[in-house]
K.L.:
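Quick one: this structure, given as C-alpha cells, is what I'll be asking you about.
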Amino acid sequence: QVQLVESGGGLVQFGDSLRLSCAASGRTLASYVMGWFRQAPGKDREFVAVVSWNGGRTEYADFVKGRFTVSRNNAQNMMFLEMNSLKPEDTAVYYCATDLSRHYTPSDALPRRVDEYNVWGLGTQVTVSS
C-alpha cells in the first residue's frame, strides 16, 4: 500500500521561500507521474504542478509559473516543491499525489485534474503573512 507524506510547510512572510517534500513508501513511484495540489479554506483543491516519471517534463499552474519549481529524486522515492516569492494568496494546505493507474507516454498530456490522481497525502499547511 502506497503512502505519501508531505513535509516542509510552515508560517512565512511575504516574499519568503519554502521547500516542500513528499516522501513515498510502500512501493517505488519511479515510473509514475507525481503532482502537487493545494486547497485554501472554502475553496476547491487546485492544481499546482506536475512532474513526469523521470523529471524530464514539468507543468505548472499559471499562478505559480516562475516562482515554484517541482522536482523529484527517484532514488529517494521523493518529490519536492521549491516555492519562492511567496504571497499571502499562496496560503493553503499543499498535497502531493500520484496516479498509479497508468503510465504516461511522452506524448500524453500530464494530469492536472484532481480526479486523475488516485493516491494522496494528508497535506502540509503553508501560511504566508503579509
Side-chain angles (χ1 to χ4, degrees):
Q1 184 175 354
V2 176
Q3 286 191 320
L4 301 177
V5 178
E6 304 91 339
S7 61
L11 172 63
V12 296
Q13 293 187 332
F14 178 86
D16 282 352
S17 298
L18 275 177
R19 186 183 193 228
L20 304 184
S21 299
C22 173
S25 62
R27 70 183 291 180
T28 178
L29 298 186
S31 57
Y32 299 98
V33 299
M34 297 184 74
W36 286 101
F37 288 75
R38 70 185 188 185
Q39 188 167 18
K43 295 189 176 182
D44 293 335
R45 192 168 299 189
E46 63 182 356
F47 168 77
V48 175
V50 59
V51 58
S52 62
W53 68 274
N54 63 354
R57 281 199 293 160
T58 57
E59 292 184 9
Y60 299 91
D62 287 343
F63 53 77
V64 302
K65 280 183 181 177
R67 299 190 299 125
F68 291 9
T69 302
V70 61
S71 62
R72 64 189 297 166
N73 184 323
N74 286 340
Q76 296 179 333
N77 220 18
M78 295 187 70
M79 176 179 62
F80 307 97
L81 186 67
E82 188 75 36
M83 306 188 295
N84 298 314
S85 303
L86 283 163
K87 307 174 183 179
E89 50 264 45
D90 293 319
T91 295
V93 177
Y94 283 73
Y95 299 88
C96 67
T98 190
D99 175 14
L100 298 182
S101 68
R102 59 174 291 190
H103 296 280
Y104 287 78
T105 70
S107 61
D108 290 329
L110 293 177
R112 290 175 168 245
R113 300 195 317 267
V114 170
D115 63 2
E116 292 181 296
Y117 291 80
N118 49 32
V119 181
W120 292 84
L122 295 180
T124 185
Q125 175 71 48
V126 172
T127 304
V128 185
S129 64
S130 56

K.L.:
Check which hydrophobic residues are tied to Tyr104 through side-chain heavy-atom contacts below 4.5 Å, counting indirect links as well, and list them.
P.N.:
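Answer for Tyr104: Val33, Phe37, Phe47, Val50, Val93, Tyr95, Leu110, Val114, Tyr117, Trp120.
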
K.L.:
According to the disulfide bond (SG atoms under 2.5 Å apart) rule, which pairs have a member within residues 11-109, sequence neighbours left out?
P.N.:
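Listed once each, the pairs are Cys22-Cys96.
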
K.L.:
Not counting sequence neighbours, list each pair that qualifies as a disulfide bond (SG atoms under 2.5 Å apart) and has a residue in residues 100-130.
P.N.:
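For residues 100-130: none.
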
K.L.:
Got more than 12 heavy atoms from elsewhere within 6.0 Å of CG, Leu100?
P.N.:
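More than 12 within 6.0 Å, yes.
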
K.L.:
State which residues pass salt bridge (charged side-chain N to carboxylate O under 4.0 Å, His left out) with Lys65; sequence neighbours excluded, sorted by chain then number.
P.N.:
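Lys65: salt bridge (charged side-chain N to carboxylate O under 4.0 Å, His left out) contacts with Asp62.
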
K.L.:
Would you please name every residue forming a salt bridge (charged side-chain N to carboxylate O under 4.0 Å, His left out) with Arg38, sequence neighbours left out?
P.N.:
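For Arg38, the residues satisfying salt bridge (charged side-chain N to carboxylate O under 4.0 Å, His left out) (neighbours in sequence not counted) are Glu46, Asp90.
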
K.L.:
Judged by atom type as modelled, is there a donor-acceptor pair below 3.5 Å linking the side chain of Asn77 to the main-chain atoms of Leu29?
P.N.:
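Answer holds: yes.
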
K.L.:
Leu81 versus Thr69: any side-chain heavy-atom pair under 4.5 Å?
P.N.:
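No, side chains not in contact.
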
K.L.:
Spell out, as yes or no, whether a donor-acceptor pair under 3.5 Å connects the side chain of Ser17 to the backbone of Asn84.
P.N.:
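Pair absent, no side-chain N/O of Ser17 close to backbone of Asn84.
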
K.L.:
Please list, chain by chain and in numerical order, all residues satisfying salt bridge (charged side-chain N to carboxylate O under 4.0 Å, His left out) with Asp16, sequence neighbours excluded.
P.N.:
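Result, salt bridge (charged side-chain N to carboxylate O under 4.0 Å, His left out) vs Asp16: none returned.
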
K.L.:
The criterion is side chain to side chain contact (heavy atoms under 4.5 Å, CB included); which residues satisfy it with Thr105, sequence neighbours excluded?
P.N.:
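Listed in chain order: Ser107, Asp108.
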
K.L.:
In the structure I gave you, are the side-chain heavy atoms of Val126 and Leu20 within less than 4.5 Å of one another anywhere?
P.N.:
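In short, these two side chains touch, coming nearer than 4.5 Å.
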
K.L.:
Taking the side chain as every heavy atom from C-beta outward, state whether Leu86 and Phe68 have any pair of such atoms under 4.5 Å apart.
P.N.:
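When only atoms from C-beta onward are counted, Phe68 and Leu86 do touch, with a gap below 4.5 Å.
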
K.L.:
Are any non-hydrogen side-chain atoms of Met78 and Arg72 less than 4.5 angstrom apart?
P.N.:
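Result no, sub-4.5 Å side-chain heavy-atom pair not found.
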
K.L.:
Which ILVMFWY residues are connected to Val5, directly or by a chain of links, through side-chain heavy atoms under 4.5 Å apart?
P.N.:
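Same cluster as Val5: nobody, lone residue.
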
K.L.:
Between Glu6 and Leu122, is there a donor-acceptor pair closer than 3.5 Å when you use the side chain of the first and the backbone of the second?
P.N.:
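Yes, the answer is positive, given that a donor and an acceptor are paired below the 3.5 Å cut-off.
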
K.L.:
Indicate yes or no: at least one non-hydrogen side-chain atom of Arg27 is less than 4.5 angstrom from one of Gln1.
P.N.:
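Answer no - side chains too far apart.
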
K.L.:
Mind checking what makes salt bridge (charged side-chain N to carboxylate O under 4.0 Å, His left out) contact with Asp115, not counting sequence neighbours?
P.N.:
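Arg113.
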
K.L.:
So Val70 and Tyr60, do their side chains get closer than 4.5 Å, heavy atoms only?
P.N.:
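Tyr60 vs Val70: side chains touch.
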
K.L.:
By the disulfide bond (SG atoms under 2.5 Å apart) test, which pairs, at least two apart or in different chains, include something from residues 32-91?
P.N.:
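Matches after skipping sequence neighbours: none remain.
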
K.L.:
Which residues satisfy the side chain to side chain contact (heavy atoms under 4.5 Å, CB included) test with Ser101, sequence neighbours excluded?
P.N.:
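By the side chain to side chain contact (heavy atoms under 4.5 Å, CB included) rule, Ser101 matches Asp99, Asn118.
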
K.L.:
Using side-chain heavy atoms (C-beta onward) and a distance below 4.5 Å, is Thr127 in contact with Val12?
P.N.:
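Counting from C-beta outward, Thr127 and Val12 never come under 4.5 Å.
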
K.L.:
Does CD belonging to Gln125 count more than 12 external heavy atoms closer than 6.0 Å?
P.N.:
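Counting neighbours around CD of Gln125, more than 12 heavy atoms of other residues, nucleotides or ligands fall under 6.0 Å, so yes.
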
K.L.:
Apart from Phe14 itself, which Ile, Leu, Val, Met, Phe, Trp or Tyr residues share its cluster (side-chain heavy atoms under 4.5 Å, direct or through members)?
P.N.:
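Same cluster as Phe14: nobody, lone residue.
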
